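So the structure is just underneath, and the comments pick up after that.
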Amino acid sequence: QVQLTESGGGSVQAGGSLRLSCAASGYIYNNFCMAWFRQAPGKEREEVANIDEYGVSAYANSVKGRFTVSRDNTMNTLYLQMSSLKPEDTAMYYCVAGRGIFYSGSWCSAVKPTDFNYWGQGTQVTVSS
């Protein structure tokens, strides 16, 4: 069993930055894919970024160039550095993990949202204009 605990959310003005962290406990399998999802009230859940064990990452178009995902495998910790924040980034952010599927150079590229078995409780990010 894997437990995921997010931290680092908060309120910030547009243009500001936040860094989210996710501490994972339990058994982290080799080739796990880890990712950040977000969901705003009344909107669909969105995968923001993912990263595999080898550091291969991918981003949603809405955050590309502004967000950076990273992972410390020795500490079982996932990060999301968010810069140039916009009001539309306001959402609950969730850390997720699941078995990777190797495809096209990444253990995350073929992983569907339903393949992520483990979800954190979420951390709220609020960006004011």
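Quick caveat, the model's predicted, so the values are computed rather than measured.
Pairing each heavy atom of Ser17 with each of Ser84, the nearest pair is OG-N, 4.4 Å. Nearest heavy-atom pair across Leu4 and Ala97 is CD1-N, 3.8 Å. The minimum heavy-atom distance between Gly100 and Val111, with the atom names listed, is CA-CG2, 4.0 Å. Across Ser129 and Pro87, no two heavy atoms sit closer than the pair CB-CG, 3.9 Å. Nearest heavy atoms, Pro113 versus Trp119: O-CZ2, 4.2 Å.
In the hydrophobic cluster analysis, where Ile, Leu, Val, Met, Phe, Trp and Tyr join through side-chain heavy atoms closer than 4.5 angstrom, Met92 is grouped apart from Val48. Neither Val125 nor Val96 shares a network with the other; the hydrophobic side chains, linked directly or stepwise wherever heavy atoms of I, L, V, M, F, W or Y lie under 4.5 Å apart, form separate groups for each. Put simply, Tyr59 and Leu85 are part of the same group of oily side chains (I, L, V, M, F, W, Y) that touch within less than 4.5 Å, one to the next. Residues Leu18 and Val69 fall within the same hydrophobic cluster, defined by Ile, Leu, Val, Met, Phe, Trp and Tyr side chains chained together at heavy-atom separations under 4.5 Å.
Annotation: side chain of Cys95 is in contact with side chain of Met34 (closest heavy-atom distance under 4.5 Å). Annotation: side chain of Glu46 is not in contact with side chain of Phe37 (no heavy-atom distance under 4.5 Å).
More than 12 heavy atoms of other shown residues, nucleotides or ligands fall within 6.0 angstrom of atom CD in Gln3.
For the pair Arg19 and Tyr79, the cation-pi test (distance below 6.0 Å, angle within 45°) is passed.
Judged as a disulfide (SG to SG under 2.5 Å), not a single pair has a partner in residues 35-71 (not counting sequence neighbours). Among residues at least two apart or in separate chains, salt bridge (Lys or Arg N to Asp or Glu O under 4.0 Å) pairs with a member in residues 50-72 are Arg66-Asp89.
For the 3.5 Å distance criterion, the side chains of Ser128 and Gln13 fail to qualify, holding no donor opposite an acceptor. For the 3.5 Å distance criterion, the side chains of Gln81 and Ser70 fail to qualify, holding no donor opposite an acceptor.
In this structure, Ser106 contributes its side chain and Val56 its backbone to no donor-acceptor pair below 3.5 Å. A side-chain donor-acceptor contact under 3.5 Å links Glu6 to the backbone of Gly122.
Aromatic pair Trp107/Phe102: ring centres closer than 6.0 Å. Between Trp36 and Phe67, the ring centre distance reaches or exceeds 6.0 Å.
Atoms OH and CE, on Tyr93 and Met82 in that order, are 5.5 Å from each other to the nearest 0.5 Å. Going from atom CD of Gln121 over to atom OH of Tyr94 covers 8.5 Å, rounded to the nearest 0.5 Å. Rounded to the nearest 0.5 angstrom, Asn50 CG and Cys108 SG are separated by 4.0 Å. Residue Thr123 holds its OG1 atom at 14.0 Å from CZ of Arg38, rounded to the nearest 0.5 Å. For the atom pair Ser21 OG and Met75 CE, the distance stands at 11.0 Å (nearest 0.5 Å). To the nearest 0.5 Å, atoms CG (Leu20) and CG (Leu78) are separated by 9.0 Å.
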Evaluate the side-chain contact (heavy atoms from CB on, under 4.5 Å) criterion for residues Lys112 and Ile101: first the C-alpha distance (whole Å), next the side-chain angles of each, then the deciding distance (0.1 Å), finally the verdict.
CA-CA 10 Å; Lys112 301 182 296 297; Ile101 302 169; 5.6 Å; no
